[in-house]
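Below is one structure, written out as structure tokens, with a few remarks after it.
Counting convention: from 1, in listed order, for ligands and their atoms alike.
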Amino acid sequence: MKFFRSKKDHQDTDEPASKEGQGSVYEQENKTENVVDDGGIKETKTRKEGLFSRLSKTRKAFSEGLFGFLERSSSIDDDFFEELEDQLVLADLGADTSEEIVIRLRDDVRKYSLTDSGELVERLKAYLIDMLSFPEPIDFVKKEGSPYVILMVGVNGVGKTTTLAKISKHYQDQGQSVMMAACDTFRAAAIEQLQSWGEKLGVTVVAQSHGADAAAVAFDAYSAACARGMDVLLIDTAGRQHTHGDLMEQLKKIKKVLDKTNAGIPHEVLLTVDAGNGQNIHSQVESFSKMVDVNGLCVTKLDGTAKGGVVISVIRKFGIPVRYLGVGEKVTDLKQFFAAEFIDAMLPDFSSKDD
Ligand SMILES: Nc1nc2c(ncn2[C@@H]2O[C@H](COP(=O)(O)OP(=O)(O)OP(=O)(O)O)[C@@H](O)[C@H]2O)c(=O)[nH]1
Ligand SMILES: [Mg+2]
């Protein structure tokens with residue numbers, strides 16, 4: 001029998017693999033309807049409109065090498081696993097995660113005498129979903145007497161301000177009142193950029209002048225948000241290189257001032273990272289976490305050609321959940337992160353041709 005000549009019909013599995021509990025919100029929000037025939041490829045309506053279609057370039061970058069390799073392979077031996085590991089590293093999964101996955105797959109092949117390429121990919125998907133699964137995200141917690149405060153941090157140009165605007169829209173769509181704080185007092189025109197988003201979204205922006213103390217702006221904004229009984233306060237901050245000590249200290253000060261005002265705020269410190277930065281993201285997560293206890297990640301620019309595997313390696317290494325994915329420049333181009341949906345969008349069903 002030739003290896004990797006699957007007779008299984010993997011095309012029937014358009015529904016993403018999901019883990020009980022983890023995928024339930026995703027499944028509820030993405031009930032599939034209308035099957036659309038798109039050039040011979042059957043896609044559900046959900047897939048066409050959702051993350052699957054937005055990640056088309058990333059999916060290609062992520063899975064093309066891997067699938068090409070599986071198609072070329074004719075047997076499972078040590079060389080096969082070695083190259084499989086290389087392919088996972090090339091897909092930006094990082095060396096440790098790739099090694100861990102290959103160890104698990106090796107075990108499976110031995111234990112279950114696997115010879116089916118489709119089954120191997122399904123197992124790979126299940127392991128990835130397992131690695132990425134966190135308890136369902138708490139999307140919004142109404143805090144007694146305090147708005148829900150989110151501090152946006154990250155290096156320059158990764159998409160912090162745009163993501164902040166997208167998150168504002170996300171909460172507004174749920175009927176929450178939102179206020180913004182312009183704590184990027186460093187970059188010219190940053191305040192105006194946030195004010196412009198505020199105008200578009202009908203959100204009040206608390207700002208001082210260029211060069212003002214960012215922590216003082218955060219304090220003012222928090223006081224104003226409390227006084228007006230706002231549900232959510234989103235704080236924009238200046239982009240800073242994680243290696244820049246003074247700027248990182250400034251970020252710490254913003255957090256300290258907020259925490260003094262009301263212990264436990266900000267409720268979320270969201271580090272925005274650009275998927276295109278690949279494994280560099282690891283050092284960003286490390287440095288920002290040390291300074292401000294990052295408890296969530298936003299991964300932007302996944303609509304581009306980034307491989308996206310870094311999402312997997314970062315979660316694996318730091319145990320910090322990814323909360324949002326940026327899939328374009330528009331205010332609606334934001335997706336909440338669900339492991340099963342993400343893996344489904346990154347790894348299409350694999351089926352090999354019959355002889
Ligand atoms: N394609 C794409 N572009 C994005 C995404 N998110 C942000 N951008 C673009 O990235 C550029 C920088 O976005 P900003 O939101 O200003 O980034 P920032 O991190 O606030 O930048 P600084 O404040 O200068 O550090 C803009 O052109 C955005 O439109 C995304 O998910 N996809
Ligand atoms: Mg900005």
Side-chain angles (χ1 to χ4, degrees), residues 50-62 150-170 180-201 203 205-208 210-212 214 217-218 221 234-244 246-248 250-251 254 269-278 280-281 284-285 287-288 291-292 294 296-308 310-311 314 322-337 341-342 345-346:
L51 193 64
F52 191 86
S53 74
R54 305 312 306 269
L55 257 61
S56 58
K57 288 187 201 144
T58 294
R59 172 169 53 257
K60 197 164 181 246
F62 183 80
I150 301 174
L151 180 67
M152 304 294 291
V153 303
V155 304
N156 311 74
V158 286
K160 293 176 295 299
T161 309
T162 311
T163 305
L164 179 148
K166 293 173 180 178
I167 295 173
S168 170
K169 166 111 179 63
H170 168 73
M180 296 175 179
C183 294
D184 181 355
T185 56
F186 185 72
R187 180 172 65 76
I191 296 170
E192 290 76 6
Q193 183 190 5
L194 195 69
Q195 283 168 333
S196 156
W197 277 117
E199 267 168 42
K200 276 185 209 149
L201 293 165
V203 168
V205 178
V206 174
Q208 293 182 17
H210 178 70
V217 180
L234 294 167
I235 302 175
D236 191 29
T237 63
R240 63 202 77 219
Q241 286 309 308
H242 50 297
T243 46
H244 195 307
D246 287 352
L247 283 175
M248 292 299 277
Q250 185 204 57
L251 207 52
I254 296 176
V269 178
L270 293 184
L271 174 67
T272 303
V273 295
D274 176 340
N277 286 344
N280 257 337
I281 291 173
Q284 294 171 22
V285 177
S287 307
F288 277 93
M291 280 295 175
V292 284
V294 172
L297 301 172
C298 305
V299 184
T300 60
K301 312 194 188 183
L302 280 164
D303 50 312
T305 53
K307 285 178 187 144
V310 68
V311 171
V314 161
V322 171
R323 296 278 283 114
Y324 300 102
L325 304 176
V327 292
E329 294 188 83
K330 295 202 300 289
V331 76
T332 48
D333 290 334
L334 183 77
K335 301 281 177 197
Q336 273 184 277
F337 178 83
E341 183 189 28
F342 179 70
M346 294 284 279

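Not counting sequence neighbours, K57 has no partner by the salt bridge (Lys or Arg N to Asp or Glu O under 4.0 Å) test. With sequence neighbours excluded, no residue forms a ring pair (Phe, Tyr, Trp, His ring centres under 6.0 Å) with F62.
Closer than 4.0 angstrom to ligand 1 by heavy atom are N156, G157, V158, G159, K160, T161, T162, K166, D184, R187, Q193, G239, T300, K301, D303, G326, V327, G328, E329, sorted by chain and number.
Contact check for L297 versus F337: no side-chain heavy atoms found under the 4.5 Å cut-off.
With waters left out, the protein N, O or S atoms under 2.8 Å from the Mg ion (ligand 2) add up to 1.
For the residue pair V327 and L302, the shortest heavy atom distance occurs at CG1-CB, 4.4 Å. The shortest heavy-atom contact between K335 and G50 is NZ-CA, 4.0 Å.
M180 pairs in a side-chain contact (heavy atoms from CB on, under 4.5 Å) with only one of the listed residues (V206, V203, I235, T161), which is V203. Partner T237 forms a side-chain contact (heavy atoms from CB on, under 4.5 Å) with one of D184, T185, V292, I254 and no other, that one being I254.
For the atom pair CG of L325 and CZ of F342, the computed distance is 6.5 Å after rounding to the nearest 0.5 Å.
Counting non-hydrogen atoms of neighbouring residues, nucleotides and ligands closer than 6.0 angstrom, the NZ atom of K200 exceeds 12 such neighbours.
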